[in-house]
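Please read all numbers here as calculations on a predicted model, not as lab measurements. Proteins come first, then strands; the chains are lettered A, B, ... in the order of their sequence lines, and each starts at number 1.
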Protein chains: 2
Amino acid sequence: MESIDTELAARIRHDIVLGNYGEEERISEARLCDTHNVSRTPVRLALRMLEHEGLIRRSEGRGYFVNAPKVNDVLQAVQVRGHLESLAARLMAQSPGRHNTLPILEAAIDEIDRLVSAGTMNDVSIRAMQKQNAVFHKTILDCCGNDFIGFTCSRISHMPMLEVGAMVFDRQVLSTKEGKERSNFRLQLGNSQHKVIFEAIQSGDVVRAEGVMREHSNTMVEYIKVFEKRNEELTIKDLIGYSGISVTRHERAETAQETVI
Amino acid sequence: MESIDTELAARIRHDIVLGNYGEEERISEARLCDTHNVSRTPVRLALRMLEHEGLIRRSEGRGYFVNAPKVNDVLQAVQVRGHLESLAARLMAQSPGRHNTLPILEAAIDEIDRLVSAGTMNDVSIRAMQKQNAVFHKTILDCCGNDFIGFTCSRISHMPMLEVGAMVFDRQVLSTKEGKERSNFRLQLGNSQHKVIFEAIQSGDVVRAEGVMREHSNTMVEYIKVFEKRNEELTIKDLIGYSGISVTRHERAETAQETVI
DNA sequence: TCACCTTATTTGGGATCCCAAAGTCAAGCT
DNA sequence: AGCTTGACTTTGGGATCCCAAATAAGGTGA
């Protein structure tokens, strides 16, 4: 378990993203102290953290104000993350030592293929796919030769759907049979992009690796935009972000909690 | 003036980057307290900030350790920043409202041209050029339509040479007449890239805008690599980062301090 | 009645205190 | 002599206290 302030920051962040605080609401240290039963020290550390992330802003002399992110912010962030991933793909495609890690990518692709073919779009299988998806994307970030890319990505993933390898679903879409089929198709399409990326990296086709990865990331942007078009007042709350880190090299037990947001 | 912890963080950061702490050195709260004559509260806030930036790491239960950045880290960061800027250039090139801000870019280009033509490579003129350079780059970030790009860039500029629009020089190169001429030529070349970027954005040539901006950023990478080749054990200390923010829309007085690092 | 000044209260920043955990050193036992 | 175990010390996390600044409210004078 992390220290109190980290966990506290996560809770407040969760509340802000979920919209429990209302736009522009004032947020006071004292309030947080007694709602979460902690002292002011960890509260201040947590608030500093959130300020750094842009989720709250500290007014010159007087208190903190919520800066609730909108769907558009998520879109922008996903675009940035995708662009960084495309750089990673390009660098990995021109890295001489890439062949050692290619099997990891291949295994992830195969596993997703297997899960998609099964067609059981339940929570367990989706989480399994998400895990493999995260493996695929994280591996590219880790093995591209520029550690700063992964570092930057980790700094900007304040929300579950911004984590590398996260998958986003509409909250309602998974409840209907037709929606499940559509989602399944989407995943199938995504994995075929994975295959192209894999081949481009393997053969050292830097341009293609970068381009397809960009397109791959753009898919999520387009997907969310479709929601936006269908539902005028879409909020972040309406999206389900399947995230959950895993496969750290410390081999810690899978902390893939459900981050429904 | 910012609050104490921010300023304290800047000082510690400065020390770390300058190499005053030695690789892997332990760093204690108490020590910092009496060397900087402050209490532990701001020290802890500052250390948290630096930990977040990756300049120190917090060992599980025991103290902080310095994570001094190497030249290679700077190279990686510059590459990331450049890649983000290339995205911004592309987005701006396809933004319909870009024509309103084009004059700003043009003015910056002209001013740099004027300064380069004068050929006086003294501290004042270099700083003036740096300022216009920052204007150019910041304008693109601000007007590309994706605010998250600029946000991300601001989050990763822990060091002076990582700030948007910063210019880097070798510490010795500016001391000789021949070095000054070479630097002047480099700036001239850079500004001609500015012109190409400007024209690409103006005409809506998204591919060219992105490509040239990437190349433009890559110039700094190559420049530093030349140093590295010439001087085997190059440290960050050997680089001069001309930075200094300005032109915020709050129109605060130019805080362009010399950040020789 | 309105404006301005004064006072009281809210709020955040900084300092100090306390405590638990981990590292260190030394002494005693095998 | 080497290993183990105990106490001591160092260090960081959390809680509480104090203070300055700013806002808000109330009262007084024009």
Checklist outcome for this item: To the nearest angstrom, the CE-P distance between A:Met49 and D:dG13 comes to 11 Å
Checklist entry - When the distance from CG of A:Leu47 to P of C:dG12 is rounded to whole Å, what number comes out? => result 8 Å
Item to check | Spacing of B:Arg31 atom CZ relative to D:dT10 atom P, expressed in whole Å | outcome: 12 Å
Checklist entry - Taking atom types as modelled, is there a side-chain donor on A:Gln79 or B:Asn146 under 3.5 Å from an acceptor on the other? => result yes
Next on the checklist: I need the minimum non-hydrogen distance between B:Arg44 and B:Glu29, along with the two atoms involved.
Outcome noted: CG-OE2, 2.9 Å
Next on the checklist: If I take atom CG in residue B:Leu32 and atom P in nucleotide C:dG14, what distance separates them, rounded to the nearest angstrom?
Outcome noted: 15 Å
Checklist outcome for this item: When A:Asn37 and B:Ala30 are each assigned the nearest nucleotide of DNA chain D, the 5'-most assignment goes to B:Ala30
Checklist entry - Counting side-chain heavy atoms from C-beta on, which of C:dG13, D:dG12, C:dA15 comes nearest to B:Val38? => result C:dA15
Checklist entry - Base, sugar-phosphate, or nothing for A:Ile27, non-hydrogen atoms under 4.0 angstrom? => result sugar-phosphate
Checklist outcome for this item: To the nearest angstrom, the CD-P distance between B:Glu29 and C:dC17 comes to 16 Å
Checklist entry - Do the side chain of B:Arg40 and the base of D:dG13 come within less than 3.5 angstrom through a donor-acceptor pair of N or O atoms? => result yes
Checklist entry - Side chain of A:Arg44, base of D:dG14: donor and acceptor closer than 3.5 Å? => result no
Checklist entry - Separation of A:Leu8 atom CG from D:dG13 atom P, in whole Å? => result 15 Å
Checklist entry - Within the structure shown, what part of the strands sits under 4.0 Å from B:Thr41 by heavy-atom distance: base, sugar-phosphate, or nothing? => result base
Item to check | Gap between atoms CD1 and C1', on B:Ile56 and D:dG12 respectively (whole Å) | outcome: 12 Å
Checklist entry - What about B:His52 and B:His158, are their ring centers closer than 6.0 Å? => result no
Checklist entry - D:dG14 phosphate, OP1 or OP2: any side-chain N/O from A:Ser39 under 4.0 angstrom? => result no
Checklist entry - Between C:dG13, C:dA15, C:dG12, which nucleotide has the shortest distance from any of its atoms to the side chain of B:Pro42? => result C:dA15
Item to check | Sub-4.5 Å side-chain heavy-atom contact between A:Lys70 and A:Ile236 | outcome: no
Next on the checklist: Could you tell me how far apart A:Leu50 (CG) and C:dG12 (C1') are, to the nearest whole angstrom?
Outcome noted: 16 Å
Item to check | Side-chain heavy-atom pair A:Leu55, A:Val66 within 4.5 angstrom cut-off | outcome: no
